[in-house]
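What follows is a short report on a single structure.
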Amino acid sequence: MTDYPQPTPQDERSYPFDKIEPKWQKFWRDKGLFKVDTASYKDKFYCLMMFPYPSAALHVGHGRNYIIGDVVARYKMMRGFNVLTPMGFDAFGLPAENAAIKGGIHPEESTLNNIKTMKRQLDQWGVEYDWDRIVISCDPAYYKWTQWIFTKLYEKGLAYKKKAFVNWCPSCKTVLANEQVVNGACERCDSEVLQKDLEQWFFKITHYAERLLKDLEKLPNWPDRVKAMQKNWIGKSEGVEIDFKIENLADTLKCYTTRIDTIYGATFIALAPEHPLVEKLISGSPDEKNSLKAINKMRAESKISRADAEVAKEGVFTGRFVINPVNHEKVPIWVANYILMEYGTGAIMAVPAHDQRDFEFAKLYKLPIKVVIDDPKHPLDAGTMKEAHIGEGIMANSGQFNGMKSEVAVEKIADYFEEKKMGKRSTQYKLRDWLISRQRYWGAPIPIVYCPKCGIVSVPEKDLPVLLPKNVEFRPTGESPLKFSEDFVNTKCPKCHGPAKRETDTMDTFVDSSWYYLRYITPKLKDKPFDTGLVNRWLPVDQYIGGVEHAILHLLYSRFITKFLFDIKMTGFDEPFKNLFTQGMIIKDGAKMSKSKGNVVSPDKLIADYGADTVRLYTLFIGPPEKDAEWSDRGTEGSYRFLGRVWRLVEKIHSSSLRGAEGDEAISKVKIASAASQPRNDSLKRKTHLTIKKVTEDLDGGFHFNTAISSIMELVNETYDLSVSEIANDAVKQKVMSEAVEAIVILLSPFVPHIAEELWSNLGKPSSIFRMKWPEYDRSAIVEDVVTIVVQVNGKLRSKVEVPSDIKEEGLRQMVLADPKIKEITSGKTIKNFIIVPKKLVNIVIG
RNA sequence: GGGCAAGUGGUGGAAUGGCAUACACGAAGGACUUAAAAUCCUUUGGCCGCAAGGUCGUGAGGGUUCAACUCCCUCCUUGCCCACCA
């Protein structure tokens with residue numbers, strides 16, 4: 001048995017982060033480091049992070065967004081910008097309402113509690129904001145203006161009401177947003193989502209479809225991925241709308257096609273079950289009753305299964321025919337479940353030979369298949385084809401167009417249709433109008449009043465906000481909870497002052513978040529949503545940072561609202577976010593971090609164990625920030641070790657040993673590095689300036705935090721090669737060393753602000769480090785007198801030679817060929833080519 | 001079916017035409033310690049070799065080039081988004 005004392009755990013902490021982090025956080029807040037006076041907009045930089053929904057608590061995956069934003073803000077600050085970084089909360093929404101139904105706590109209470117928790121977490125991370133500008137979307141002072149935007153859209157005819165099919169969860173008894181429907185089932189309870197036909201409010205985003213598409217070109221600094229997703233979502237296609245004459249009826253049937261070149265191959269027409277002409281077409285047909293029954297079945301089914309692509313094709317013949325205008329053939333009209341009423345005209349000309357869906361349908365109902373686009377080398381045979389020929393080819397069986405390339409015929413036939421007035425060119429979009437009404441409680445009420453005399457009346461600005469009443473029974477019944485609040489519903493008509501009723505639906509929370517970035521500039525303004533003059537100075541946002549999951553919805557809606565506000569001259573810009581950065585997700589155990597999967601890593605414990613700087617550093621070092629990354633608890637220890645190394649470097653070498661030249665015992669034992677080709681002080685000075693260059697380029701050229709940090713690690717490693725005794729007696733080395741250490745601290749400061757601030761002050765420098773100028777590298781310090789040239793023979797590395805950096809070609813050639821290894825390899829061989837990449841490489845090509 | 005990413009050591013990743021594997025994790029060994037932790041140092045792609053060195057090697061196959069992880073073509077795999085969109 002031993003009687004030695006047990007180890008004490010105090011040394012587990014290699015530097016006192018628990019003391020310094022709260023200290024500097026308080027310092028920044030007391031000094032108002034992040035407070036901005038928007039009146040001075042010279043060198044402004046608007047750094048915006050997507051504001052969060054206030055859920056219970058943040059995990060380290062959320063943290064990535066805020067940490068990245070904080071690094072950008074601090075870096076830009078040191079580059080002399082007047083940086084605005086505000087934060088707020090997207091505080092309306094279903095989760096709080098559901099929690100309230102379960103737990104009985106009012107959504108407002110739980111939301112405000114969650115905001116408190118999240119704010120504390122952000123504070124502990126050392127992520128700083130101008131909190132005076134906080135914007136909370138459930139605050140009446142904010143949603144007043146959300147409602148105001150609604151009324152403006154309504155005035156311009158861009159907010160309207162219509163009957164529409166919406167997603168309905170029978171078990172939650174509520175309407176769901178499209179994004180809450182996953183593979184046809186409710187996101188939360190997994191029951192099958194039904195469709196209900198309800199009166200709904202829409203924003204006419206389709207009015208902006210072309211501009212939303214075209215203006216993507218104005219956004220060169222958005223990720224291509226996001227632009228591609230938006231483009232895809234808007235889904236523009238150009239084609240021809242054909243007018244088909246219906247045999248024995250006065251009506252024309254309009255069909256939209258992008259493949260007018262296949263018109264001669266149309267062997268049937270297919271209508272969506274919901275097409276308005278369906279009843280008229282089948283009336284009088286011998287099998288009218290059964291047909292209608294089958295069509296009604298399709299109507300019911302097709303809507304449920306719309307989310308499910310693998311539904312079998314089904315159809316009913318109407319008994320009617322159209323006349324194909326190009327060849328006067330009779331073409332039968334069918335009703336088919338795969339045709340969508342929402343797209344195009346809800347009717348298509350079906351060309352089985354050249355469209356896979358039409359092909360399957362034709363096979364099923366034994367309809368004719370006619371090849372009109374052929375490949376002369378491998379002619380198609382309609383009888384034996386296994387699938388449709390989708391691609392281009394040579395026109396066949398197409399009258400006057402035979403022999404043309406199909407891509408030419410597309411234009412020729414379109415011209416022909418327009419000349420003969422048989423149809424016209426037409427552009428279609430997949431984008432649908434934005435359904436914004438929700439039969440839910442926890443949202444901004446739609447500011448509309450229904451008056452028996454005046455009809456639909458929007459609430460005038462002086463009566464806004466329409467306050468969300470607090471005492472409402474919001475248990476799900478399938479109807480808007482506000483319907484049951486008599487005080488809320490019964491009101492006076494703003495026009496005739498007679499009794500009237502309020503709209504009881506609330507707005508989609510995406511409406512709240514589609515303009516919040518404008519509110520931050522003048523967050524407390526009472527008489528306007530924002531000050532146009534100031535907003536025009538501060539926007540567009542210089543850097544927007546957020547998750548790619550918002551690539552379509554939030555970013556598209558925000559662009560739409562910005563364009564609308566531009567059109568009504570509220571703003572002078574029509575794109576809100578100049579630069580967009582979308583960070584990757586943090587993965588744990590192969591899945592996205594989420595509470596339901598039970599793989600969340602809480603920052604609170606990590607910060608308690610290692611400090612915020614370690615968590616920040618690891619989050620930034622884990623990999624390229626735009627990519628997903630697997631979280632490893634081990635990895636945090638590496639970051640922690642590195643910070644300890646920096647701490648000891650500054651504390652021991654610089655502040656004590658250098659001055660006293662005493663030499664800390666542990667440090668004096670550091671080995672003296674092996675001889676280098678240059679004097680060590682030169683090499684360290686050069687490395688210092690190369691590191692400044694590299695870190696600056698990594699931050700300016702993109703968000704390459706991981707490589708910036710690794711280059712600082714290299715510099716730290718190099719300083720460890722110098723021993724204390726080496727420095728102590730050499731004034732030049734001391735200078736080089738302190739320059740390196742200062743560079744390390746300042747270059748690290750955006751990433752790990754607390755330790756940097758502490759070390760900076762320990763070095764005797766004035767606080768705050770974030771009021772310092774970002775260092776610039778010295779060109780003369782990075783030039784080399786001697787460079788190492790890599791010598792390849794026939795592309796293979798064979799040797800390295802050191803040459804003066806200003807060597808001429810002939811001299812270099814001689815030195816390279818004089819190298820013993822090269823001499824041996826090249827002896828007796830003919831040198832065919834001698835390629836020189838200056839200061840880098842030589843490649844000798846021999847026979 | 002369409003669109004977009006990505007595929008490199010035991011692991012996260014670096015290198016965007018010029019030394020493949022920087023930096024870090026993990027592992028092994030050493031110094032310090034009664035011991036451990038911490039710290040500091042060394043080694044660490046495979047194969048052959050005592051070594052010097054050689055050789056193979058960035059999902060697969062081809063191509064362009066003096067030179068390819070990088071550019072081009074074909075294919076495979078994984079992930080994400082969209083999807084009976086005419």
Side-chain angles (χ1 to χ4, degrees), chain A residues 2-4 6-9 11-14 223-229 231-233 235 237 239 255-259 262 270 302 305-313 336-340 342-351 355-358 360-361 390 428-430 548-549 551-552 584-585 587 618 621-624 626-632 634-639 641-642 644-645 648 665-667 669-671 704 706-707 709-714 716-717 720 788-800 821 832-835 837 840-846:
Chain A
T2 173
D3 50 1
Y4 294 110
Q6 289 302 299
T8 49
D11 267 16
E12 276 176 25
R13 289 182 179 173
S14 65
D224 290 339
R225 171 163 74 132
V226 171
K227 284 189 280 189
M229 279 161 84
K231 199 177 160 189
N232 205 335
W233 186 263
S237 78
C255 290
Y256 173 73
T257 182
T258 54
R259 291 296 303 271
T262 63
S302 68
S305 57
R306 201 149 280 157
D308 187 352
E310 293 304 307
V311 166
K313 300 228 167 355
N337 65 341
Y338 69 97
I339 308 302
L340 304 171
E342 294 84 357
Y343 188 74
T345 60
I348 63 148
M349 61 166 211
V351 185
D355 182 285
Q356 187 58 25
R357 294 152 305 182
D358 299 346
E360 284 165 24
F361 192 87
I390 314 290
Q428 296 287 332
Y429 300 90
K430 287 189 215 170
V548 76
E549 65 272 20
I552 296 170
M585 284 183 310
I587 308 288
Y618 177 62
F621 187 61
I622 192 168
E626 70 278 10
K627 288 192 190 148
D628 291 353
E630 172 84 27
W631 184 270
S632 127
R634 273 268 165 73
T636 51
E637 281 182 42
S639 295
R641 267 203 301 254
F642 170 72
R645 231 163 121 79
R648 288 186 295 278
E665 204 43 41
I667 294 292
K669 283 175 186 159
V670 173
K671 65 134 207 181
H704 305 145
N706 53 331
T707 50
I709 291 165
S710 72
S711 70
I712 302 171
M713 286 173 169
E714 286 179 51
V716 170
N717 290 347
Y720 266 70
T788 304
I789 299 287
V790 172
V791 185
Q792 296 181 336
V793 177
N794 287 347
K796 280 194 175 149
L797 174 69
R798 292 299 172 185
S799 186
K800 291 180 186 182
K821 283 180 207 153
K832 286 186 179 166
N833 205 348
F834 195 92
I835 289 144
V837 182
K840 256 189 193 161
L841 175 139
V842 161
N843 190 12
I844 306 166
V845 186
I846 56 172

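Lettering of chains follows the sequences in order, A, B, ..., and the numbering in each one begins at 1. Keep in mind that this is a model prediction, so the values were computed, not measured.
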Can you tell me the distance, in whole Å, between the CD atom of A:E626 and the C1' atom of B:U16? 14 Å
Spacing of A:K227 atom NZ relative to B:C4 atom P, expressed in whole Å: 13 Å
Return the minimal non-hydrogen interatomic distance between A:T788 and A:K800, and the atom names on each side. CG2-CB, 4.0 Å
Quote, to the nearest angstrom, the C1' distance that separates B:U64 from B:U70. 13 Å
Result for 5'-nearest mapping on RNA chain B, choosing between A:K627 and A:N794, is A:K627
Indicate, with a heavy-atom threshold strictly under 4.0 Å, whether A:I622 touches base, sugar-phosphate, or nothing. sugar-phosphate
Between C1' of B:C81 and CG of A:D224, the distance in whole Å: 15 Å
Residue list, salt bridge (Lys or Arg N to Asp or Glu O under 4.0 Å) with A:E714, at least two apart or on another chain: A:K687
With heavy-atom distances below 4.5 Å as the criterion, would you say the side chains of A:V842 and A:V790 are in contact? no
So A:I348 and A:D355, do their side chains get closer than 4.5 Å, heavy atoms only? no
Salt bridge (Lys or Arg N to Asp or Glu O under 4.0 Å) filter on A:R645, not counting sequence neighbours, yields none
Could you tell me how far B:A52 sits from B:U43 if I compare only their P atoms? Round to whole Å. 14 Å
Could you tell me if the side chain of A:M713 sits less than 4.5 Å from the side chain of A:F621, heavy atoms only? yes
Output the single nucleotide from B:A14, B:G54, B:C66 whose closest atom is nearest the side chain of A:N833. B:C66
Whole angstroms only, please: what is the CZ-C1' distance between A:R259 and B:C84? 17 Å
Treating primed atoms plus P, OP1 and OP2 as sugar-phosphate and everything else as base, which nucleotides of nucleotides 19-29 of chain B get B, S or - for protein heavy atoms under 4.0 Å? B--BBSSS---
Is A:N232 touching bases, backbone alone, or none of the nucleic acid, heavy atoms closer than 4.0 Å? base
Would you indicate what A:V845 reaches in the nucleic acid, counting non-hydrogen atoms under 4.0 angstrom: base, sugar-phosphate, or nothing? sugar-phosphate
How far, in whole Å, is B:U42 from B:G54 if one measures between their P atoms? 25 Å
Just N and O in the side chain of A:Y256: are any of them under 4.0 Å from OP1 or OP2 of B:A86? no
Can you tell me which stems RNA chain B forms, taking runs of 3 or more consecutive Watson-Crick or G-U pairs with both distances under 3.5 Å? B:1-7 with B:76-82, B:10-12 with B:23-25, B:26-31 with B:39-44, B:45-48 with B:53-56, B:59-63 with B:71-75
Say you pick atom C1' in B:A35 and the same atom in B:G57; how far apart are they, in whole Å? 44 Å
Heavy atoms, side chains only, cut-off 4.5 Å: are A:V548 and A:M585 in contact? no
Tell me whether A:Y618 contacts the main-chain N or O of A:S632 through its side chain, where contact means a donor paired with an acceptor under 3.5 Å. yes
Between A:G346 and A:M585, which residue's closest nucleotide on RNA chain B lies nearer the 5′ terminus? A:M585
Quick one: A:L340 CG to B:C84 P, roughly how many Å, whole number? 6 Å
To the nearest Å, give me how far apart CD1 (A:I390) and C1' (B:C84) are. 12 Å
Quick one: does NZ or CZ of A:K313 land under 6.0 Å from the six-membered ring centre of A:F361, within 45 degrees of the ring axis? no
Side chain A:R225, main chain A:A551, donor-acceptor under 3.5 Å: no
Looking only at atom P, what distance separates B:G59 and B:A6, rounded to whole Å? 13 Å
note: A:I587, atom CD1; B:U78, atom C1'; distance rounded to Å ~ 13 Å
What does A:K430 touch in the nucleic acid at a heavy-atom separation under 4.0 angstrom: a base, only the sugar-phosphate, or nothing? base
Among the nucleotides B:C84, B:C81, B:C56, which one has an atom lying closest to any side-chain atom of A:K796? B:C56
Taking atom C1' in both B:C80 and B:A86, what distance in whole Å separates the two? 26 Å
What form does the base of B:G9 take, syn (within 90° of 0) or anti? syn
A:R648 side-chain N/O to B:C40 phosphate OP1/OP2 under 4.0 Å: yes
If you look at every strand shown and take non-hydrogen atoms under 4.0 Å, does A:K313 touch a base, only sugar-phosphate, or nothing? base
Side chain to side chain donor-acceptor pair (under 3.5 Å) partners for A:T707, two or more places apart: A:D698
Given the C1' atoms of B:C19 and B:C82, what is the spacing between them in whole Å? 44 Å
Considering only the C1' atoms, how many Å lie between B:C50 and B:A60, rounded to the nearest integer? 38 Å
A:I835 side chain, from C-beta outward: closest of B:C41, B:A14, B:G18: B:G18
Can you name the residues that form a side chain to side chain donor-acceptor pair (under 3.5 Å) with A:Q428, not counting sequence neighbours? A:S426
Mind calculating the distance between CG (A:D628) and P (B:G7) to the nearest angstrom? 13 Å
